[in-house]
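Remarks on the structure that follows.
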2 protein chains.
Amino acid sequence: MLNRNRIVTAAVELIEREGADAVSMRRIAAELGVGVMSLYNHVPSKAALLDAVAEDVLSRIGFTDDPSAHWTDRVRIQARAFRRIAHHYPRSTMVVVSRQLGSTAGLLPVERALATLRDAGFDGREAVRMLRMFIAYVVGSLLREVGVTPTFAPVRAGAAIADVDPALFPVVSELRPHLDSCDHDEEFEFGLELLVQAMAVRADARADRGTGEPTGRGGARR
Amino acid sequence: MLNRNRIVTAAVELIEREGADAVSMRRIAAELGVGVMSLYNHVPSKAALLDAVAEDVLSRIGFTDDPSAHWTDRVRIQARAFRRIAHHYPRSTMVVVSRQLGSTAGLLPVERALATLRDAGFDGREAVRMLRMFIAYVVGSLLREVGVTPTFAPVRAGAAIADVDPALFPVVSELRPHLDSCDHDEEFEFGLELLVQAMAVRADARADRGTGEPTGRGGARR
DNA sequence: ATTGACGTACGTACAGCGTACGTGACACGC
DNA sequence: GCGTGTCACGTACGCTGTACGTACGTCAAT
């Protein structure tokens, strides 16, 4: 029996196996041993199917939020959980990111994150801002990592900027060794730490403003 | 006379006017009053054309780098220059971001940015890391701002989470007002400032390690 | 002046795409 | 038996990217 879930799953598998460009309704139907138009009994359009793929991937984010842990650690854990899924479905992640989906599929992560930020002492306005900034960083990082690299972040070792003129780009050519190699884990953790500590500074500033004296509350660990 | 530049320009205009989905070789040819296959005398394939579009947009980034200014201000200016182009060619920006281009078109911004970071006192390894983190944030922000929707819909999470169950998502539903509205300029500047200051802290830490005593050098202004 | 090579624009053709529409098989409450 | 739905299917239409063959201009060498 054909159903929406089987179709979405087949789409995700096909995307991961052969890339997003290989996805067509005919291809998915063939994958399921089914006529093309049968898919349309369960999915209104190809665009809707891709939205469903995005939701499916998002819903796989596994959170083990521990409210008793320090909020900075909770932030780290949530960011890494997101990243882990992205690495598990790298090509589908591009679909997720390049698609504006208007559903509640990605709402659970948002709920968890906002709760964490509220626990950190931020008011509603600040919490939302922090979250937006954080998502921007994580999504941008994943874009670089996953391979469909955004502008000027030469990740592919070697060939990308193989022939740079030292006269035109002295600094780039001097830093070529660092530009050519990229330890994704390390890069991600570096930015993550920078952001978390920056957030902690803001949290402390809030606390100071609130109590009138400096406290350690809300500070970053490490 | 047909040439590569006219084709790329027509493609950019078409993308901005009707969205990336509307782009087809036939459409562009019609726009130029030309046969479809004539395009292939100047562009090897549609994919290559889209790469050229990405390069074209990137090359339009106008930098007025002032090496005498404080490095934090130079970072701010460069980030805003990138963002300005993205807002001028919003739909093409999605093409830029979702496409891995291996040319030197985007290398000038990298050169400027790395030079700025070196001036801030970072060594090569740190400068590259800072740049990667910064690009991740900027690209992620632009993805949120520009969206992918065909229509200019500034509200991101507005109608999407219109019907959220307060019992399931208490924090989200409490912060709905803040989630529904989004001043993109303000959000971007907020994250930008947070990042710049975090970078300044690192720069100071470097300076302290170097001199053995705290200094104000490299600190963030404001 | 003639010839040949070459670059450019064009038209045709093909395989593949998303999907609107109609058809037939089966299960159900009356 | 009989509407009434649901579901899989096949056909068909208007698109897509692009391979291929053709025709015409210009220029170099003969």
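In what follows, chains are A, B, ... by sequence order, proteins preceding strands, each numbered from 1. Because only heavy atoms are used, hydrogens play no part in the values below, and waters and symmetry mates are left out as well, while side chains stay in.
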My understanding is that only residues two or more places apart in sequence, or in another chain, count here; which of them pass side chain to side chain contact (heavy atoms under 4.5 Å, CB included) with A:P90? A:E16, A:V146
Can you confirm whether B:H88 is buried at NE2, in the sense that more than 12 heavy atoms of other residues, nucleotides or ligands lie under 6.0 Å from that atom? no
Just grab all the side-chain hydrogen bond (donor to acceptor under 3.5 Å, both in side chains) pairs involving residues 25-36 of chain A, residues at least two apart or on different chains. A:R17-A:E31, A:E18-A:R27, A:R27-A:E31
Could you state the atom-to-atom distance from [atom1] of [X] to [atom2] of [N] in whole Å?
X	N	atom1	atom2	answer
A:R27	C:dC17	CZ	P	9 Å
A:N3	D:dT6	CG	P	17 Å
A:L49	C:dG18	CG	P	10 Å
B:D21	D:dC15	CG	P	16 Å
B:N41	D:dT18	CG	C1'	13 Å
A:L32	D:dC7	CG	P	16 Å

Go along nucleotides 19-26 of chain C 5' to 3' and tag each nucleotide: B for a protein heavy atom under 4.0 Å from its base, S when only backbone or sugar atoms are that close, - otherwise. BBB-----
Strictly below 4.0 Å: does A:H42 bring a side-chain N or O up to OP1 or OP2 of D:dA8? yes
Reckon B:S38 has a side-chain N or O less than 4.0 Å from the OP1 or OP2 of C:dT8? no
With sequence neighbours excluded, residues passing ring-ring contact (aromatic ring centres under 6.0 Å, His included) with B:F134: none
Results of ring-ring contact (aromatic ring centres under 6.0 Å, His included) for A:Y40 - residues two or more places apart only: none
Contacts of A:D185 that satisfy side chain to side chain donor-acceptor pair (under 3.5 Å) - sequence neighbours left out: A:R83
